[in-house]
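Accompanying notes for the structure given below.
Every chain is numbered from 1 and lettered A, B, ... according to where its sequence line falls, protein lines coming before strand lines.
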2 protein chains.
Amino acid sequence: MLKLRYKIWLENSGKAFGEGPCDMLKRIDRLGSLNKAAGELKMSYSKAWKLMNTLEKRLGFKLLKRDVGGDSGGGSYLTEEARVMIHKYTMFVQESDKALNKLFKHYFEE
Amino acid sequence: MLKLRYKIWLENSGKAFGEGPCDMLKRIDRLGSLNKAAGELKMSYSKAWKLMNTLEKRLGFKLLKRDVGGDSGGGSYLTEEARVMIHKYTMFVQESDKALNKLFKHYFEE
DNA sequence: TTGCGTTATACTGGTAATAGAATAACGAGG
DNA sequence: CCTCGTTATTCTATTACCAGTATAACGCAA
């Protein structure tokens, strides 16, 4: 059977935010570490690091507060702007999903 | 400034229909030739041919009526089902675009 | 029977994305 | 001053995808 598929993301000179980054940020928030978040997703640290850098550059603001060295080695934590972004994006995608599925049903399943 | 981007397509064991194929079909209809349509898009004939084959397999019905050989060499023409598909998809995407942009505006531009 | 423009199909080479390896730097604490 | 776990950064290999090339088949018309 034919299924609806879609991807929604935000751009500014390239991909600036989407589903994947959103998930990654939530994990960083929970674990307090970019390295550990990458591990959970079986993604290499360098890839995750590059991703975060690119997003911050494109969004124009910092997503992470990063601590290098120290007691625990360091860690990464969400900025307030990151939290706002996650919230907005989540709501937006949730409602978009509803709208698209309704339209899909109308055009292809009736 | 942050922009909304999205892709919408239909799947059945892989991509079955989307923006690109829809455009390709319209060109075939106008030109009466898969070869010429590929040429317009600067796409190799073999790529276009493979694309059409894959789509037909995944959709479960024929998009093209193909004539090999003969006076003009042959040609490709849309099936009735292809026309219906183009119409449905076009309407669907048009309305989806409206819905998504409205939501985007609400969440990111107000 | 030859020529032409199309569809049909296999094969091969290039390349762009990306994944990971390797290494440096950092800073608190023992 | 040494350790430890993190962030920071570069570099290379690979590999999956894709794109074109080449070739065959076809059928009408001259």
Side-chain angles (χ1 to χ4, degrees), chain A residues 5 7 9 11 13-21 23-59 61-79 82, chain B residues 5 7 9 11 13-21 23-59 61-79 82:
Chain A
R5 283 292 136 85
K7 273 182 183 291
W9 70 96
E11 262 198 33
S13 320
K15 291 196 181 183
F17 206 81
E19 206 63 53
D23 178 47
M24 172 70 75
L25 285 177
K26 286 174 187 164
R27 286 168 198 270
I28 294 171
D29 190 34
R30 176 161 46 81
L31 299 166
S33 158
L34 175 54
N35 189 33
K36 289 209 183 77
E40 273 198 355
L41 292 169
K42 279 158 190 159
M43 177 187 294
S44 73
Y45 167 75
S46 73
K47 183 184 175 185
W49 179 83
K50 274 181 280 191
L51 175 65
M52 287 300 127
N53 277 30
T54 303
L55 296 184
E56 289 180 336
K57 196 169 297 172
R58 290 181 180 164
L59 287 172
F61 57 83
K62 293 293 177 193
L63 290 167
L64 302 178
K65 162 76 174 58
R66 287 129 134 144
D67 289 348
V68 180
D71 184 4
S72 62
S76 291
Y77 315 93
L78 301 194
T79 61
Chain B
R5 284 291 136 86
K7 272 181 184 290
W9 69 97
E11 262 198 32
S13 320
K15 290 196 182 183
F17 206 81
E19 206 63 54
D23 177 45
M24 172 70 72
L25 286 177
K26 286 175 188 165
R27 287 168 196 271
I28 294 171
D29 191 34
R30 174 160 48 80
L31 299 166
S33 157
L34 175 53
N35 191 34
K36 289 209 184 75
E40 274 198 354
L41 292 168
K42 278 156 189 162
M43 178 187 294
S44 72
Y45 167 75
S46 74
K47 183 184 175 184
W49 178 82
K50 275 182 278 191
L51 174 65
M52 287 298 128
N53 277 31
T54 303
L55 296 184
E56 289 180 336
K57 196 170 296 172
R58 289 180 181 164
L59 287 172
F61 58 83
K62 294 293 177 193
L63 290 167
L64 301 179
K65 163 76 174 55
R66 287 131 134 144
D67 290 346
V68 179
D71 184 6
S72 62
S76 291
Y77 316 93
L78 301 193
T79 62

Straight-line distance of B/N35 CG to B/S44 OG, nearest 0.5 Å: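 It comes to 10.0 Å.
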Can you tell me how far CG of B/L25 sits from CG of B/L55, rounded to the nearest 0.5 angstrom?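 Output value for this atom pair is 7.5 Å.
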So B/M52 and B/R66, do their side chains get closer than 4.5 Å, heavy atoms only?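 Side chain of B/R66 against side chain of B/M52, heavy atoms only: contact under 4.5 Å found.
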I want to check something: taking the side chain as every heavy atom from C-beta on, are A/W49 and A/M43 in contact at a cut-off of under 4.5 Å?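 No; the side chains remain at least 4.5 Å from each other.
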What residue pairs, at least two apart or across chains, pass salt bridge (charged side-chain N to carboxylate O under 4.0 Å, His left out) with a residue in residues 44-55 of chain B?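 For residues 44-55 of chain B, and leaving out neighbouring residues, there are no salt bridge (charged side-chain N to carboxylate O under 4.0 Å, His left out) pairs at all.
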How bent is the helix from C/dT1-D/dA30 to C/dG30-D/dC1, comparing axes over its five end pairs at each side, to the nearest 10°?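 About 20° separates the two local helix axes.
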Under 4.0 Å, heavy atom to any atom of DNA chain D: which of residues 47-56 of chain A qualify?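 Output list: A/W49, A/K50.
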B/E56 side-chain N/O to B/K62 backbone N/O, donor-acceptor pair under 3.5 Å: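 Checking the backbone N and O of B/K62 against the side chain of B/E56, no donor-acceptor pair under 3.5 Å is found.
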What's the verdict on side-chain contact (heavy atoms from CB on, under 4.5 Å) for B/M24 and B/I28, showing C-alpha distance, side-chain angles and the deciding distance? CA-CA 6 Å; B/M24 172 70 72; B/I28 294 171; 4.0 Å; yes
Can you list, in residue-number order, the parts of residues 28-36 of chain A that come under 4.0 Å of DNA chain C, counting heavy atoms only?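 Close to the strand, none.
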Below 4.0 angstrom, N of the basic side chain to O of the carboxylate: do A/K65 and A/D67 qualify?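 Salt bridge: yes.
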Take the protein atom CG of B/L64 and the nucleotide atom C1' of C/dA8, then report the distance between them rounded to whole Å.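 Atom CG in B/L64 sits about 13 Å away from atom C1' in C/dA8.
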Decide yes or no on side-chain contact (heavy atoms from CB on, under 4.5 Å) for B/L78 and B/L64, but give the supporting numbers first. CA-CA 5 Å; B/L78 301 193; B/L64 301 179; 3.8 Å; yes
What nucleotide, of C/dA10, C/dG20, C/dT7, holds the atom closest to the side chain of A/S46?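 That would be C/dG20.
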5' to 3' contact window, DNA chain D with chain B (heavy-atom distance under 4.0 Å):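 Nucleotide range with atoms under 4.0 Å of chain B: D/dA19 to D/dA29.
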Check nucleotides 25-28 of chain C against the protein and report each pair of N or O atoms closer than 3.5 Å, with its distance, or say if there are none.
residue : atom : partner : partner atom : Å
C/dC26  : O2   : A/G69   : N            : 3.1
C/dG27  : O4'  : A/G70   : N            : 3.1
C/dG27  : N2   : A/G70   : O            : 2.9
C/dG27  : N3   : A/G70   : N            : 2.9
C/dA28  : O4'  : A/D71   : N            : 3.2

